[in-house]
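Data block below; observations after.
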Amino acid sequence: MARKKVNGAAPVQEDICEKGSTKKRTNADLNGHAAKRPRIEDKTDYSRWRMRDDESRHTWHYLEDDEAAKDWPQTYADKYFLGLPLDLPELPKAKNPLDAVRNGLTFFEKLQLPSGHWGCEYGGPMFLLPGIVIAWYVTKTPIPWYFATEIKNYLFARAHPEDGGWGLHIEGESSVFGTVLNYTTLRLIGVDADHPNMVKARATLHKLGGATHAPHWAKFWLSVLGVMNWDIVNPVPPELWLLPDWVPIAPWRWWIHIRQVFLPMGYLWSKRWQAEETDTICSLRKELFVEDWEKINWAGHRNTIHPMDNYHPKSWLLNTINWLLVNVWNPYMRTNSLVKKAEEWSSELIDMEDANTDYADLAPVNGAMNLVVCYVRDGPDSYSVRRHRERAQEFLWVKDEGMFSNGTNGVQCWDTAFAIQTVMDAGLTEDPRWRPMLMKSLEYLDNQQIRENVKDQAKCYRQQRKGGWAFSNKDQGYAVSDCVSEALKSVIILQKTPGFPTLIDDQRIFDAIDTLLTYQNPTGSCSSYEPYRAGTWMEMLNAAEVFGNIMVEYEYPECTTAVVTALSLFHKHWPDHRSKEIKIFIERAVKWIKTAQKPHGGWYGSWGVCFTYATMFALESLSSTGEVYENSKHAKKGCEFLLSKQREDGGWSESYRACELGEYIEHHTGSQVVMTSWALIGLMKAKYPDVEPIKKGIKLIMDRQQPNGEWLQEAIEGVFNKSCMISYPNYKFTFTMKALGMFAQRYPDEKVV
Ligand code: LAN
């Protein structure tokens, strides 16, 4: 393959670091310490990519060697992920919803991975890959040319079609956060500053005010990179970790994601560590700003932020605290011994996170930051750095548009649990046709059950997890209330189906239940990783600006419902185990669900878009205690809410904007199969008496099924922290088939087509 420069033009790199630079300068740029520009091509050969499923650890490999490529052929799943043709035969046209499920399963079965789960891309957020690439760059981690090439392709494909910038997530408008970080990423992997796409993106960045208008996390990364001065970063004092546990704002009370990010961030902030200067870094100092870099008043821009990035403006309280930290605490009170103590304790907590996950870490944000911490602390060739580099591979994904970072190291347990339930809802678990697929899924969940609590659980502030399941896999090992519940339901369903073995014995099931029972909040609701540890007033300390609802655990109808339904199912089969507690748990949870209903009848969803998603769950909760349309005003109102949003074509269509704004907003592209399925499942769970609207939705789902049994990707399905969207590509299989299967079971004689 010929080596080409991205745009053919010579790189423009004025040397601006000369003036005032006190640091040792190196020509080293990327790909190790080579003093040459990194190699980057137009594209890679997609027939050479393979995704390895190593007991559900996903890594992408590019086989440059022809022999190696021949010895390791591409699977259907590889081709599907890469957007290559599968050449599958057309299936007989579905005459009824159950046929459509069978066709869907025929397709979906082909995507099951060797360890028994389903993989998928899990993109959407546009701030994850930059963290990884900056971490690689500052730790001099080589980036192979085929990674660099496909990262470039992805970012170019995902640039805003008009202004060339990037948003917080793939459907969002250009923001400083998205644009400055992704522009920087492209430069670090070797794209020239005068490439036309870069010129356009830079113009957009400048129009938005330049990098000084970026939010906190971008300022943090750019300071680590040495493109900014640390004075521009609002304080991240690690000494907060020294606060006694009883203090209401102590970080152990924060949401797990924010505290695991704050931890390495605080360590690096405290050290004011910066990468070695390179030509690219020097050039970025010129490219990213509208003002003359030498003259920037860094401290004066701590709170500068473009309105587009200011989803959650900092509170007066946080601004006051920041002022005091900068002007009083740091210069006069932050003694060396305190700093040492704070850094040491942070460092120990970081080690515990790394040890508990074997360096996989909670998610790509703290994964990338912990890599930098280990590099700074343990040196470039330490085991911790090498292991972090290996595990960071698991965040990456390749699709037809190129390479990017997933939101987690996968969606393995979550999607597998739903796949099993889909077959159950269609009444097909006993059909031998699906036995091998289901057997592999069960074995997968068996392998992935978390068997022990983390070492020193209390010391590192972790929640009990024994017997649980994570969202992705047990390496990551963070049990989540609904992930434990969905996986547990699926295990129980299969193990109680004739013909399936009992892989998970009663004791292990009890372990899961015992853990689940620890998840209830005082109000009756459930949160995600832990019951809440402080009130929502903590949001006053939200410094991230770009996200909402990030500081503590909130109460979620989605998670609450999953736990309710898991406990109900368990109770049916084991009526004697902790039965009183289970009954009380369910009662209190369902009571809470009712209080969370909005005046319009729907429920706000925090993990899926948006009211449609949560209303489906809430109606399921109500139905689990026998409350349905006919006998419950809550269920009735929920159904009426859903029906009021049904479109002419029978479908539902909700936009991600609903999550941001807190009101139902339609997606501009019209009905979506995933949302339609959620609404229909909700209506069927609530036993809505009129079949006609349900039938209309079912018909839409059937009409959208492709001749090979698949459904095509539509608008983005998931969300977190109110403002950032994330893809759940397997939902277009699992929820569509669930809706069709439920319909087939409930209305076996209804003719849809
Ligand atoms: C997820 C993904 C799964 C999701 C569900 C299980 C669907 C949900 O019901 C509970 C919350 C959970 C586990 C969840 C929490 C937040 C995550 C981990 C994510 C949305 C995936 C990515 C996101 C994470 C916070 C991304 C990193 C960003 C930061 C702001 C730190």
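Order of appearance sets the numbers: ligands from 1, and atoms from 1 within every ligand. Here, residue 1 is the first one in the sequence, and each next residue gets the next number.
- Of the candidates Thr357, Asp475, Asp361, Asp475 is the only one forming a side-chain contact (heavy atoms from CB on, under 4.5 Å) with Arg391.
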Please tabulate protein-ligand N/O pairs under 3.5 Å for ligand 1, atom names and distances to 0.1 Å.
from, atom 1, to, atom 2, distance (Å)
ligand 1, 9 (O), Asp482, OD2, 2.3

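- Scored by the side chain to side chain donor-acceptor pair (under 3.5 Å) test, Ser527 finds Asn521 as partners (sequence neighbours excluded).
- Residues passing the side chain to side chain donor-acceptor pair (under 3.5 Å) test with His312, sequence neighbours excluded: none.
- Evaluated for a salt bridge (charged side-chain N to carboxylate O under 4.0 Å, His left out) with Glu545, the options Lys219, Lys314, Arg302 yield exactly one hit, Lys314.
- Classification of Lys732 and Glu714 as a salt-bridged pair fails, no side-chain N sitting under 4.0 Å from a carboxylate O.
- By the side-chain contact (heavy atoms from CB on, under 4.5 Å) test, Thr595 is found to be paired with Trp592, residues two or more places apart in sequence or in another chain being considered.
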